Structures are given as C-alpha cells and as structure tokens.
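All heavy atoms count here, side chains included; hydrogens, waters and symmetry mates do not. Here is the naming used below: chain letters follow the sequence lines, and residue numbers restart at 1 for every chain. Computed from a predicted structure; not experimentally measured.
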There are 2 protein chains.
Amino acid sequence: MRDEKLSPEELAAWRAVVESSQRLLITIEDDLRKASELTLADYNVLVQLAEAPGRRLRMGDLATKLIFAPSRLTYQIGTMEKRGLVTREPCPDDRRGSEAVLTEAGLAALRAAAPGHLGSVRRHFIEDLDAADLAALTKIFTRIDERLSAARTESR
Amino acid sequence: MRDEKLSPEELAAWRAVVESSQRLLITIEDDLRKASELTLADYNVLVQLAEAPGRRLRMGDLATKLIFAPSRLTYQIGTMEKRGLVTREPCPDDRRGSEAVLTEAGLAALRAAAPGHLGSVRRHFIEDLDAADLAALTKIFTRIDERLSAARTESR
DNA sequence: CGGAAGTTGTTCAGATTTGAAAGAACAGGT
DNA sequence: ACCTGTTCTTTCAAATCTGAACAACTTCCG
C-alpha cells in the first residue's frame, strides 16, 4: 500500500499470468468454435446447468457462477434459447425469478463438444504441467480467489 | 489427444486458473477505473507506448503486444485519440502503416494512474504470493505462452 | 396488516468487439 | 515496368456487453 511499485520479478509474474492466460483462453475458444458451434460462454453455461441438481439454475446463481453481469446473462440465455439449448421457466417459489433449464439438445451439444474441448485444454494447458505445477496453481489461485471474495464482501 | 478427459486435479487447476484470473482482472480494472478515467486496455496501451523507443509503435506491433484484433485496436486508438492520450501519425518508411504516438497528456495520465494500479496489483495478487510462487507462476505461464505461439506458428 | 426497503430479472440505449471485405502499398520475380 | 501474392490498416455491419432505470415481487419491521 505504501510501496506502490513492483519488483522486476513481481512484474514479470503479473504480466506472464495475464498475457498467457489471455492467449490460452483465446486459443481454447478458437478450438471450441471450430469444432462445435459453441462459444466458451455457451459451453460454460451448459456445464453449469448440467452439473446443477435438476439441470436448472436461477438466473442469479448462474450469473454468479459464470461471473456475468445480470443483463449479460439475460442476453446469453436469450441466444441459447433461440438455438434450443436451454429453456426459461418461471421459478416456482419466487415469482420474480426465472430459471434456466438445460434441454436434451443442450445436453447433447455439451456431450458432443466436451471431449474436443477437454482435449484442447489438455493440449494447451495440462500437458505443460507436472503434478507439482498443478497443485501449485490450484493452491495459488484458490487463495487469490478467497481473498478477492473476502475483499468484495468487506467493501459493501 | 486420445484420453479426452481431465482428472479431478487437472480440472480443478484449470477452473481455478480461469475463474480467478478472470475475477482478478475484473477487480483490478474496477480499481483502475474508480481511480483514473482509464480502462485496463487504455492503461496497457499507454504502458506499451511508454516503453517503446520514441514512445511510438506501429499499429500492428501494438496489436500483437496487446493481443488485440486489428480492428479492435483501430477503435481503441480512436477513442484514446479523442481524449488526447495518443496521436496517430503516418509511418515514414511504409505508407500503408500508421503509428500510435504517446502524447504528453498520455504520459501524464499513465504516471498519474500507475501507482494506484500497481498498488492494486500488489494488494490483490502479489501479496498472496511468496518468492517461490512468483517464480513458479512465471515459469509455468512463460512455458505455456511459448508452446502456444509455437503451435500458432505451425498451424499456418 | 401496511409500507419502506431490498431483490430479481429484464429492458433499453449506448459502447465495445468481432469478422469479413476492401483499399492502399510493398516485395519478388519476369 | 508489370504482374502476383502479401501485408497493413481501416471500414462496415452485426454481435455482444455494460450500466442505469424499471417493474414485479419479497421481506422485514413496526
């Protein structure tokens, strides 16, 4: 807070993480789109719904999981609904809310895309890592995330 | 390539990296915007130009450094030009090209924003890491980046 | 109960981003 | 000089994303 500079090592780490995670995502999204008619956002929606009990989630919960602004999710689900991947249903116990529900077609699309996508993740990311790297990354980013959400909670 | 699944450890690492680097960037961009009238994209443009010899860069080079699609950079520089942060000049030796040039106002904006931004990076990212973490991240992401650009070169 | 205060999801307008197409200029051979 | 193929940047329209404002509910107290 006082020392508002970064050492060369700190700066190198920061830039390496930001730049290559960005390039990594772009590459993986390109792979996904070439192989499947799905955006990475589409894919992530499908994953979240597939993992959710009843294959359905409140819009708000889904937005949180995806780190999407509410209006973005409304739009996202709108386009997926047009393509038949999801349905929107009113929420039974809270009449303000609605739920996104995975359709059979959505599940099929996910199943069709998953192997290729996971292969891409393996090829571009996992293959470069040994078990120690994996553990280190998980530990580091999990901790960062915890601190971030703690900070977010405080500032309200 | 054959085994197109990920182990729980692999999946956990992948999700942790993607999610928290995303949240991290959002948080840091929020900080920057609250403190400065600049987007993270604006800031990165300013940094690249400030570090470049003559404080100027060809559009294409800048686009590569920022991982921006060409048309995106055109737009980006357009908005920054309106705000007086950069200028556009025709490239002397190649009449197809143009250069983005940092203005005094742009440099001043960068200098004004940098301490706060770097403080934010330290607070949300660096502070959670010890020296070993830093070294591990740099090593890992540098290697990933090398592989990615190698793969990109091949596929053309 | 009654109503202030908070939630939830959508809508709308405007900003940004993408991708394809085009225009201009370079480079290499012929 | 003259093609032919490339590269560089911009333009344009369409797709996506953001943030503020809103309508419909819910909750919480008094």
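Rounded to whole angstrom, the span from the CD1 atom of B/Ile77 across to the P atom of C/dA15 amounts to 19 Å. What separates CG of A/Leu73 from C1' of C/dT11 is a distance of 15 Å, to the nearest Å. As a whole-Å value, the separation of A/Arg96 CZ from C/dA5 P is 17 Å. One can place CZ of B/Arg58 at 13 Å from P of C/dA25, the figure rounded to the nearest angstrom. Atom-to-atom, CG of B/Asp42 to C1' of C/dT16 comes out at 12 Å; the value is rounded to the nearest Å. Here the P atom of nucleotide C/dG9 and the CZ atom of A/Arg72 are 17 Å apart, to the nearest Å.
For B/Glu37, there are no salt bridge (Lys or Arg N to Asp or Glu O under 4.0 Å) partners, not counting sequence neighbours.
Under the salt bridge (Lys or Arg N to Asp or Glu O under 4.0 Å) test applied with A/Asp42, the options A/Lys82, A/Arg33, A/Arg83 reduce to a single match, A/Arg83. Checking each of A/Met80, A/Arg55, A/Glu51 against A/Leu46 for a side-chain contact (heavy atoms from CB on, under 4.5 Å) leaves exactly one that passes, namely A/Met80.
Between A/Thr79 and B/Thr74, the residue anchored closer to the 5' end of DNA chain D is B/Thr74, taking for each the nucleotide with the nearest heavy atom. When the nearest nucleotides of DNA chain D are assigned to A/Arg33 and A/Asp94 by heavy-atom distance, the more 5′-ward of the two goes with A/Arg33. Between B/Ala41 and A/Met59, it is A/Met59 whose nearest contact on DNA chain C lies nearer the 5' terminus.
By the 4.5 Å side-chain criterion applied to Ile, Leu, Val, Met, Phe, Trp and Tyr, A/Ile26 is assigned to a cluster that also includes B/Ile67.
One finds a side-chain N or O of B/Tyr75 lying less than 4.0 angstrom from the OP1 or OP2 phosphate oxygen of C/dT16.
Nucleotides of DNA chain D that come within less than 4.0 Å of any heavy atom of chain A span, from the 5' end to the 3' end, D/dA15 to D/dT26.
Side-chain atoms of A/Ser98 stay outside donor-acceptor range of the base of C/dG9, with no qualifying N/O pair under 3.5 Å.
At least one donor-acceptor pair under 3.5 Å links the side chain of A/Glu29 to the backbone N or O of A/Leu40.
Residue B/Arg95 is classed as a sugar-phosphate contact, given heavy-atom separations below 4.0 Å to backbone atoms only.
Classified by interplanar angle (parallel below 30°, tilted 30° to 60°, perpendicular above 60°), the ring pair B/Phe141/A/Phe141 is perpendicular.
In terms of hydrophobic clustering, with Ile, Leu, Val, Met, Phe, Trp and Tyr side chains grouped at heavy-atom distances under 4.5 Å, A/Leu11 and B/Val121 are assigned to a common cluster.
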